[in-house]
Visitor: 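Following this message is one structure expressed as C-alpha cells.
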Amino acid sequence: MKTLFWKENKLYLLDQRKLPHEITYVICGDHYAVATAISEMVVRGAPAIGVAAAYGIALAALQNQSSPEFLPALQGAGDDLIKTRPTAVNLRWAVKQMLVTAKEYATESKSVITTQLINKAEAIAAEDIKVNRLIGAHGAVLINDGACILTLCNAGALATAGYGTALGVISAAYTNQRKISVFACETRPYLQGARLTTWELSQAGIPVTLIVDNAAGLLFQRKMIDMVLVGADRIVSNGDVANKIGTYPLSILAEEHNVPFYVAAPLSTFDLTLSSREEIPIEERNSYEITHIAGVKITGDEIPVYNPAFDLTPAEKISAIITERGIIYRPDREKITALFAQDGEQDDE
Ligand code: MRU
C-alpha cells in the first residue's frame with residue numbers, strides 16, 4: 001500500500017483520515033489541493049508531507065505553463081505549502097530542494113523546468129525510501145532479541161514515502177529474525193498510534209499491543225519496556241527534538257527507569273538554523289480534535305481547548321539519534337555539527 005504516488009500528472013494521497021477502515025486515495029490536481037490535504041491530515045508525518053509538498057511544486061509548475069510569472073508562482077506555491085504545518089521542517093526542506101531545481105533550469109523553457117521538477121519530486125520520494133532503509137539497518141543493531149519497544153504516534157511507512165523511520169528500525173530488526181514486540185501509545189487526540197501504527201505493524205506481522213497514552217508510566221514501573229523509539233518532526237543543532245505531543249513525558253519516564261530513549265530521523269529533519277528547542281514553532285491544531293472522538297462530541301459546549309500538536313524533548317534525555325549516516329549517541333551540538341560538516345548538507349539560510 002503506497003502512502004502517495006504520482007500518476008498522469010496528478011498526486012495520489014492515501015487518505016489517512018479513513019484508515020484503518022477504508023482504503024481510498026485523494027487525488028490532487030493542483031498545489032492548493034496538496035496544501036489542503038496536508039492541513040487536513042490526509043497525509044501526515046514529517047517526511048511524507050515533505051514529499052507531498054515536493055509534488056505540490058511540480059503541480060504548481062504544470063498549472064502555470066502560461067503564466068508570465070512562472071518562477072514567482074512556484075515560490076508562492078512553496079509559501080502556501082510551507083504554511084500548512086509549521087513544526088515539521090521536512091516540508092520547508094523539500095520545497096527548498098524543488099525551488100533550487102527550478103532556479104537551476106531557469107533559462108530553459110517552462111516545459112523543461114516542469115519536467116525537471118517532476119523528476120526531482122520523484123527523486124525526493126525515492127531517496128526518502130532509500131534513506132529510511134539505511135536508518136532501519138543502522139538502528140536494528142540497537143534492538144536486542146526479545147526487546148519490548150514503546151512507540152508513540154506513527155513513524156512508519158505511512159509517515160514517509162515508504163518503509164518508515166522508527167517503525168523502519170523495528171521492521172529491520174524483525175526481519176533479522178528477532179523476537180520483538182511493540183507497545184503503541186494511542187496518541188491522543190488524533191490517534192495515529194491506535195489507527196495507523198497498530199495497523200501497519202499488524203500487517204507486517206509484528207506483535208503490537210495498544211495502550212492509552214496514560215498507561216506508559218505503569219508499564220515502565222513493571223519493567224515491561226526495554227526501549228522507547230520515536231520519530232521526529234524537527235531536530236535542532238544542539239540535538240533537541242520536536243515530535244508528537246507526549247514524546248517529552250516518555251523521555252522523562254525512560255530516564256527515570258534507566259530505559260534507552262531513541263529517535264529515528266533522516267537528515268532532512270534536522271534544522272541547523274535553530275540552536276535550541278525554544279526556537280521551534282509548535283503547531284496548534286483545532287479544538288474539534290479534542291472535543292470530538294470519531295466525530296462524536298465528548299465535551300459540553302464551549303469548553304476552552306488548547307491543542308499543541310508537538311512537544312520538545314531536550315537532547316540530554318536522548319540516548320541516541322538514528323540517521324541514514326549512522327547513530328549519534330548522546331547527541332549534542334558538536335556531534336551534530338560534525339555529522340553535517342562531512343558534506344555541507346545544510347546551509348545557514
Ligand atoms: O501530526 P503528525 O501525525 O504529522 O505527527 C507525526 C509525528 O509526530 C511523527 O512522529 C514524525 O513526523 C516522524 S514521522 C517519520
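This one's a predicted model, so the numbers in the text were calculated from it and none came from an experiment. Every number for a ligand or one of its atoms is a count from 1 in the order of the listing.
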Visitor: Counting from 1, what ligand 1 atoms have a heavy atom of Thr165 closer than 4.0 Å?
Guide: 15 (C)
Visitor: Compute the shortest N/O to N/O distance between Ala46 and ligand 1 and return yes if it is under 3.5 Å, no if not.
Guide: yes
Visitor: Look at the side chain of Arg195 and the backbone N and O of Leu19, then say whether any donor-acceptor pair between them is shorter than 3.5 Å.
Guide: yes
Visitor: Please identify which atoms of ligand 1 are closer than 4.0 Å to at least one heavy atom of Gln192.
Guide: 1 (O), 2 (P), 3 (O)
Visitor: Taking only heavy atoms of Lys244, which atoms of ligand 1 are found under 4.0 Å from at least one of them?
Guide: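 Checking each atom against Lys244, I get 1 (O), 2 (P), 5 (O), 8 (O).
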Visitor: Among Ala166, Ala159, Gly164, which one has a heavy atom closest to atom 14 (S) of ligand 1?
Guide: Ala159
Visitor: Can you tell which of Ala265, Ala48, Ala232 gets a heavy atom nearest to atom 13 (C) of ligand 1?
Guide: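 The option holding the nearest heavy atom is Ala232.
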Visitor: Under 3.5 Å, is there a donor-acceptor pair between the Asn90 and Arg234 side chains?
Guide: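 Not at all, the side chains of Asn90 and Arg234 share no donor-acceptor pair under 3.5 Å.
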Visitor: Mind checking the CD-CG spacing from Gln221 to Leu253? Nearest 0.5 Å is all I need.
Guide: 8.5 Å
Visitor: For Pro47, counting its heavy atoms only, list the atoms of ligand 1 lying under 4.0 Å from any of them.
Guide: 14 (S), 15 (C)
Visitor: Under 3.5 Å, is there a donor-acceptor pair linking the side chains of Thr197 and Gln192?
Guide: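 Side-chain D/A pair, Thr197 to Gln192: absent.
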Visitor: Just to confirm my output: which protein heavy-atom neighbour is closest to atom 9 (C) of ligand 1, and how far is it?
Guide: Asn243 OD1, 3.5 Å
Visitor: Any atom of ligand 1 sitting under 4.0 Å from a heavy atom of Ala88?
Guide: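 Outside the 4.0 Å threshold, so no.
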Visitor: Check Asp145 with Lys179, please: is the shortest side-chain N to carboxylate O separation under 4.0 Å?
Guide: no
Visitor: Could you go through the salt bridge (charged side-chain N to carboxylate O under 4.0 Å, His left out) check for Asp233 and Lys244 one step at a time?
Guide: CA-CA 8 Å; Asp233 285 82; Lys244 181 51 57 193; over 6 Å; no
Visitor: Check this for me: does any side-chain nitrogen of one of Glu283 and Arg285 sit under 4.0 Å from a carboxylate oxygen of the other?
Guide: yes
Visitor: Out of curiosity, is Tyr190 lining ligand 1, as in a heavy atom under 4.0 Å away?
Guide: no
Visitor: With heavy-atom distances below 4.0 Å as the criterion, list the atoms of ligand 1 near Cys153.
Guide: 3 (O), 5 (O), 6 (C), 7 (C), 8 (O)
Visitor: Using heavy atoms and a 4.0 Å limit, tell me yes or no: is Glu283 in contact with ligand 1?
Guide: no
Visitor: Considering non-hydrogen atoms of the protein only, which is the closest contact for atom 8 (O) of ligand 1, and what is the distance?
Guide: Asp233 OD1, 2.8 Å
Visitor: Hey, does the side chain of Ser237 reach the backbone of Leu274 with a donor-acceptor pair shorter than 3.5 angstrom?
Guide: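 Yes; at least one donor-acceptor contact below 3.5 Å.
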Visitor: With a cutoff of 4.0 Å, is Ala309 in contact with ligand 1, counting heavy atoms of the residue only?
Guide: no
Visitor: Considering distance alone, does some N or O of Thr160 sit under 3.5 Å from an N or O of ligand 1?
Guide: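 No.
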Visitor: If you draw the axis of the six-membered ring of Tyr248, does the NZ or CZ of Lys317 fall within 45° of it and under 6.0 Å from the ring centre?
Guide: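 Cation-pi check for Lys317 and Tyr248: fails.
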Visitor: Heavy-atom contacts with Ala155 under 4.0 Å: which atoms of ligand 1 show up? List them by number with element.
Guide: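 Those atoms are 14 (S), 15 (C).
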Visitor: Using distance alone, with no hydrogens and no angle criterion, decide if Ser67 and Glu69 have a side-chain donor and acceptor under 3.5 Å apart.
Guide: no
Visitor: How far does OG1 of Thr247 sit from CD1 of Ile318, to the nearest 0.5 angstrom?
Guide: 9.5 Å
Visitor: For ligand 1, which atoms sit closer than 4.0 Å to a heavy atom of Arg85?
Guide: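 Those of ligand 1 that fall under 4.0 Å from Arg85 are 1 (O), 2 (P), 4 (O).
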